[in-house]
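What follows is one structure encoded as structure tokens, with my remarks underneath.
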Amino acid sequence: MYDKKFTEIENKWKTKWEEEKVFLTKTDVNRPKYYVLDMFPYPSGSGLHVGHPLGYVATDIVARYKRLQGFNVLHPMGYDAFGLPAEQYAIQTGQHPAMTTENNINQYRKQLENLGFSFDWSREVRTCNPEYYRWTQWIFLKLYNSWYNKTTDKAEAIENLITEFSKNGNRNIHASCSESIASFSENDWGNFDESTKQKILLNYRLAFLQEATVNWCPMLGTVLANEEVKDGLSERGGYPVIKKQMRQWFLRITAYADRLLEGLERIEWPVAVKEMQKNWIGRSEGAMINFSFYKSEKKLTIFTTRPDTILGCTFMVVAPEHELLPEICNPVNKREVMDYIEYARNRSERERIAEVKNITGKFTGAFVVHPFSGEKIPVWVSDYVIFGYGTGAIMAVPAHDSRDHAFAKKFELPLVEVVSGGDVFKEAYEAKEGTLINSSFINGMSVTDAIHCVIIKAEEKNIGFRKINYKLRDAGFSRQRYWGEPFPVYYKNDIPYPLEEKELPLVLPEAESYQPTGTGEGPLFKVKDWIELPDGCHRDSNTMPGWAGSSWYFIRYKEASNKEAFVSPENEKYWGQVDLYMGGTEHATGHLLYARFWNKFLYDLGLVSHDEPFYKLINQGMIQGRSNLVYRIKGTNTFISYYLRKDYKTTPMHVDINIVNDDVLDIKEFRKWNPDFEKAEFILEDGKYFCGVEVEKMSKSRFNVVNPDDVIAKYGADTFRLYEMFLGPIEQSKPWNTHGIEGVFRFLKKVWRLFYDENENWIVVNDTPTEQELKTIHKTIKKTREDIERYSFNTCVSNFMICVNELTDLKCYKKEILEKFAILLSPFAPFISEELWSLLGNSQSVIYAKFPEWEGKYITESFFEYPVSVNGKVRTKINLSLSLSEKEIEERVLTAEELKKWLNGTPVKKVIVVKGRIVNVVV
RNA sequence: GCCGAAGUGGUGGAACUGGUAGACACGCAAGACUUAAAAUCUUGUGGGCGUUGAGUCCGUGCGGGUUCGAGUCCCGCCUUUGGCACCA
């Protein structure tokens, strides 16, 4: 019986697959390739839980399916092994992160192997391995040695730029750079000293150092990326985050903003992820417009997306950090304004967000002159204007912007309606519909026309120009951390210089302490003999962020063993784009954006062949935990059963789901579980203690983690795989619930019984299949193909069940049929399929089999039972030949006896016949 | 507030381009086997009315619309969920 044998079968094939290296993949230009990839895991200390494999099972099915179709399939796995948790653990326990990481990886590997995945382990990568991060550092140096040429719209070597500078200065250069650089001639360039040259070049490099306001987390002692900060708190740990000025490495992702946006059109990704990336990039079209200060040469430049409302501008607002602020302040207001700047600086990000409704600001005493109306307009300062976006200054149009409206209301500033259509005294009218009023030369125009007209006019007057702005910021790339890639640079007189390629990898040195210094230097700062170089130069004490290694690992898989290059051109080209990429939504704006950026950069250098790395993306849903709760009556050691708890004040507590059965607590085990509960009292109902239930994230602290190893021990990996697929569509999140697993297990037992009777006698015969049997199997082949192609794995499993139910009813034990079925099942339940395949007399593994083709002649029906409806309601069914024409069907239906009572003599208006589908009679 | 996704039996879900709603499975109920339990097998299972059986009405979050025909398309609402949130 299968239920006694599955462990033996699974162990047998696991060993055999490994011995025979059946999953080893080699480049083969004579076969079409298929690249199917999972987002590689961070090997955490708690191992895999049942949620992790969901995506892996799906990709493994696709990988095995594509192999059966003759594709050469690349299906690798590796580990995102650098990162914070290992380091936090090291700080707590003093164990080297390399050690704990290695242990965790071994644990993961074992668990993954138990699940029967067809990974080519010879290609495994670990981002913390020097042989891997040597190339991460190499790519960093490529970024450092490149600039973005806007004219050719791609990254180019920095040498070209230097050559151009020495020929023509920077007058012809159109580049992405940090700040606008004063123009210089070829002579100037020649006369600049080394330090000036390097500082200028840093402005152009794609990896560059910059003093910048960063998210500094004092508790973690590190800088965090925007996406690591949620609501002003660190995502990890939930500690407060403040703004701090620091010199950091940045990657110039903003140079790629437009291409990152455009590329989304050419890939098949979930709309939600595309939307998120679009929002994150945040492209907005508008204009830069200068307002001259009253009786001054100085200008205030603002960015607006609504130049049409310019005549409705009644005041200006600048961010507290705005550089002009100190000089433009009227002496009378200066004191107050300076106090305000100080106040704004000391407000943490969290306070600022929490107090959005608390509008603050000060009048600077300065005025600008309206470029079109000539009116004198006051300039205010407020922290509702963000320094980091646009120019850090805005023209306020209270009638048509709700933030300006609120500000005007609070400080009693005037308001002028310029677009008709709303009640602007009540609330700002922000719609782009309506006619311009009170607006001199644009009166009567539509919003769209007015926007265009104002920009043209501003360009004519030389006070402004069309401008596209992005929310996307250059990516901070320094972390004050130990467990990451060291920067392959050294500093001489505070100027960074790259290491030579042959000096790579720059290996992470041993450290005595992993504690952050707290001063903004990384822990490496304390490793003096590493950080300080004999010639007086020094290294960077920071390391790269977690996403560095994961931004290109999908390329390394194409040739993980290459010692001379990050990948050879042949292998890169052969495996090309990732055809299917599976992973969680949590990487929508982090990993997936950075990986696209790095890949586009490598594409510009001609190092990869596709500018979009991942063609098809699927986000697998989360498997949530199903927690159980017990309720302790406050101030006592008495626990009250779930349905009785309402009359008491109780504290809910998570309880280990392993000592709960069908929500009933095992009191004996509970007493043993924690010494505090040894003497606990219980108030029961029907002699049972019922627990509460909550569906939430699976985590150790909630005691709701289900380990796949336990499920596999009880039912086997095949059942586990089938069950995870059977739960529902792959993209959907769902709670783990073992109730249904029996059904899938039963199914495999039923499969087994098509080969063996209840006394374990082999019952397969070589007889010729009947029409019915052929129909069943060919129907299933067709459906399985179609469903895998659209990633509908749950319906595949249903269809296997239907097929087996039918074959069981038909008592079909025929080799010809069962052999086909074993192949169909093999991507989903590889172990049992492999066993049955070999029992059927095949000496080679089922992975070398050919996926069966279905033939229309076995499936085509000659008759169809037409549902006949009258006025859209199904009234009867009439069995008719499918060869009948629509006219003939109509005649047969109208004369049919069964329909008489419904027609009841009423004249028939119309008959709709859909061949092979339905007949509808309209009366 | 803005943007996106989704609401189908007691439960997970199916229904691909509008064409027999509830496939498949869980659960439940009844029965067979068994001293008994488990396992296995058989039958039933959206709701109401009716009933020996047939029958018949209602039913895919709610209200409207398009259509011979709507779970599916359109409009308006409600709920759940994910993301963004002073981005000018």
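Side chains are part of it too, since the values below use all heavy atoms of this structure and drop only hydrogens, waters and symmetry mates. Convention: sequence-line order gives letters A, B, ...; per-chain numbering from 1.
- Within the 4.0 angstrom heavy-atom criterion, only backbone atoms of the sugar-phosphate kind lie near A:Pro729; the bases stay farther away.
- Here A:Tyr384 does not reach the OP1 or OP2 of B:A88: none of its side-chain N or O atoms lies under 4.0 Å away.
- Side-chain atoms of A:Arg466 and A:His452 form a donor-acceptor pair, as typed in the model, at a separation below 3.5 Å.
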Salt bridge (charged side-chain N to carboxylate O under 4.0 Å, His left out) assessment of A:Lys616 paired with A:Glu268: CA-CA 5 Å; A:Lys616 167 81 186 175; A:Glu268 250 184 64; 3.6 Å; yes
Chi angles and distances behind the salt bridge (charged side-chain N to carboxylate O under 4.0 Å, His left out) call for A:Arg283, A:Glu285: CA-CA 7 Å; A:Arg283 182 182 198 271; A:Glu285 290 178 27; 2.9 Å; yes
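- Side-chain atoms of A:Asn279 stay outside donor-acceptor range of the base of B:C84, with no qualifying N/O pair under 3.5 Å.
- For the residue pair A:Thr780/A:Asn799, the side-chain donor-acceptor check at 3.5 Å is not satisfied.
- Base orientation of B:G83: anti (glycosidic angle beyond 90° from 0).
- Inspection of the A:Ser792 and A:Thr795 side chains reveals an N or O donor paired with an N or O acceptor under 3.5 Å.
- Counting non-hydrogen atoms under 4.0 angstrom, A:Asp404 reaches nothing in the nucleic acid.
- Annotation: B:G9 and B:U60 have their P atoms spaced 9 Å apart (nearest Å).
- Checking the phosphate oxygens (OP1, OP2) of B:A14, a side-chain nitrogen or oxygen of A:Asn794 falls inside 4.0 Å.
- With a cut-off of 3.5 Å on both pairing distances, B:G9 has no Watson-Crick or G-U wobble partner at all.
- Taking atom P on both B:A6 and B:G44, the two are 36 Å apart, rounded to the nearest angstrom.
- Comparing atom distances between the A:Ile802 side chain and each of B:A23, B:U20, B:G13 picks out B:A23 as nearest.
- Side-chain contact annotation: A:Glu742 with A:Tyr715, donor-acceptor N/O pair under 3.5 Å present.
- Each of A:Glu275 and A:Asn469 was assigned the nucleotide of RNA chain B with the nearest heavy atom; the assignment lying further toward the 5' end belongs to A:Glu275.
- For B:G55, the paired nucleotide is B:C49, the pair qualifying as Watson-Crick or G-U wobble because both relevant distances are below 3.5 Å.
- In this model, a donor atom of one side chain and an acceptor atom of the other lie less than 3.5 Å apart for A:Ser284 and A:Tyr389.
- As judged by a 4.0 angstrom heavy-atom cut-off over every strand, A:Arg875 is placed among residues touching the sugar-phosphate backbone only.
- Distance A:Lys410 NZ to B:C86 C1': 15 Å, rounded to the nearest Å.
- Listed candidates were B:A14, B:C24, B:A5. Nearest to the side chain of A:Val271 is B:A5.
- For the pair A:Lys278 NZ and B:C2 C1', the interatomic distance rounds to 16 Å; values are reported in whole Å.
- Which of B:A88, B:U40, B:G69 sits closest to the side chain of A:Asn920 comes down to B:G69.
- Taking atom CG of residue A:Asn619 and atom P of nucleotide B:G83, one finds them 12 Å apart after rounding to whole Å.
- Side-chain N/O atoms of A:Lys877 include none lying less than 4.0 angstrom from OP1 or OP2 on B:U20.
- B:G12 sits 24 Å from B:U17 when the P atoms are compared, rounded to a whole Å.
- Using modelled atom types, one finds a donor on one side chain and an acceptor on the other under 3.5 Å when comparing A:Thr360 with A:Tyr340.
- When the nucleotides B:A88, B:A15, B:C84 are ranked by their closest atom to the side chain of A:Arg790, B:A15 comes out on top.
- Across all strands shown, A:Glu742 has no heavy atoms under 4.0 Å from either base or sugar-phosphate atoms.
- Taking atom C1' on both B:C62 and B:C78, the two are 7 Å apart, rounded to the nearest angstrom.
- In this structure, A:Lys697 places its NZ atom 12 Å from P of B:G82, rounding to the nearest Å.
- Nucleotide B:G63 forms a pair with B:C75, judged by Watson-Crick or G-U wobble geometry with both contacts under 3.5 Å.
- Closest to the side chain of A:Asn805, from the set B:A25, B:C84, B:G83, is B:A25.
- Side chain of A:Asp383, nearest nucleotide from B:C68, B:C86, B:G19: B:C86.
- For A:Arg917, no side-chain nitrogen or oxygen approaches OP1 or OP2 of B:U20 to under 4.0 Å.
- Summarising the base pairing, B:C2 is matched to B:G83 through a Watson-Crick or G-U wobble pair whose two defining distances lie under 3.5 Å.
- OP1 or OP2 of B:G13 has at least one side-chain nitrogen or oxygen of A:Gln732 nearer than 4.0 Å.
- Using a 4.0 Å heavy-atom cutoff across all strands shown, A:Ser402 reaches no nucleic acid atom at all.
- Looking at heavy-atom distances under 4.0 Å, A:Phe747 makes no contact with the nucleic acid at all.
- For the pair A:Phe303 and A:Val874, nearest-nucleotide mapping onto RNA chain B gives the more 5' position to A:Val874.
- Taking atom P on both nucleotides, B:C2 is separated from B:U66 by 30 Å, rounded to a whole Å.
- Rounded to a whole Å, the CD atom of A:Glu789 is 17 Å from the C1' atom of B:U17.
- A 3.5 Å limit on both hydrogen-bonding distances identifies B:C28 as the Watson-Crick or G-U partner of B:G44.
- Spacing of P atoms, B:A15 relative to B:A25, comes out at 16 Å, to the nearest Å.
- Among the nucleotides B:C68, B:U20, B:G83, the one closest to any side-chain atom of A:Ile918 is B:U20.
- Set against B:A88, B:G13, B:G19, the side chain of A:Thr305 has B:A88 as its closest nucleotide.
- Taking atom P on both B:G4 and B:U56, the two are 46 Å apart, rounded to the nearest angstrom.
- When every heavy atom of A:Arg785 is checked against every heavy atom of A:Trp854, the shortest pair comes out as CD-CD1, 3.9 Å.
- Look at A:Arg746 and you won't find any side-chain N or O under 4.0 angstrom from OP1 or OP2 of B:A39.
- Across all strands, A:Leu727 comes closer than 4.0 Å only to sugar-phosphate atoms, never to a base (heavy-atom distances).
- If you measure from atom CH2 of A:Trp280 to atom P of B:G4, you get 19 Å, rounded to the nearest angstrom.
- B:A15 makes up no base pair with any nucleotide shown, lacking Watson-Crick or G-U wobble contacts both under 3.5 Å.
- Atoms NZ (A:Lys750) and P (B:U40) sit 11 Å apart, rounded to a whole Å.
- Here the nucleotide nearest the side chain of A:Arg753, chosen from B:U20, B:A23, B:U40, is B:U40.
- By the 4.0 Å N-to-carboxylate-O rule, A:Glu786 lies too far from A:Arg790 to be salt-bridged with it.
- Here A:Ile394 lies in heavy-atom contact (under 4.0 Å) with a base.
- As rounded to whole Å, 13 Å separates atom C1' of B:G1 from atom CG of A:Asp401.
- When Watson-Crick and G-U wobble pairs are counted only if both distances are under 3.5 Å, B:A38 pairs with no nucleotide at all.
- One finds no side-chain N or O of A:Thr589 lying less than 4.0 angstrom from the OP1 or OP2 phosphate oxygen of B:G83.
- Atom name P, nucleotides B:A30 and B:A38: the rounded distance is 13 Å, in whole Å.
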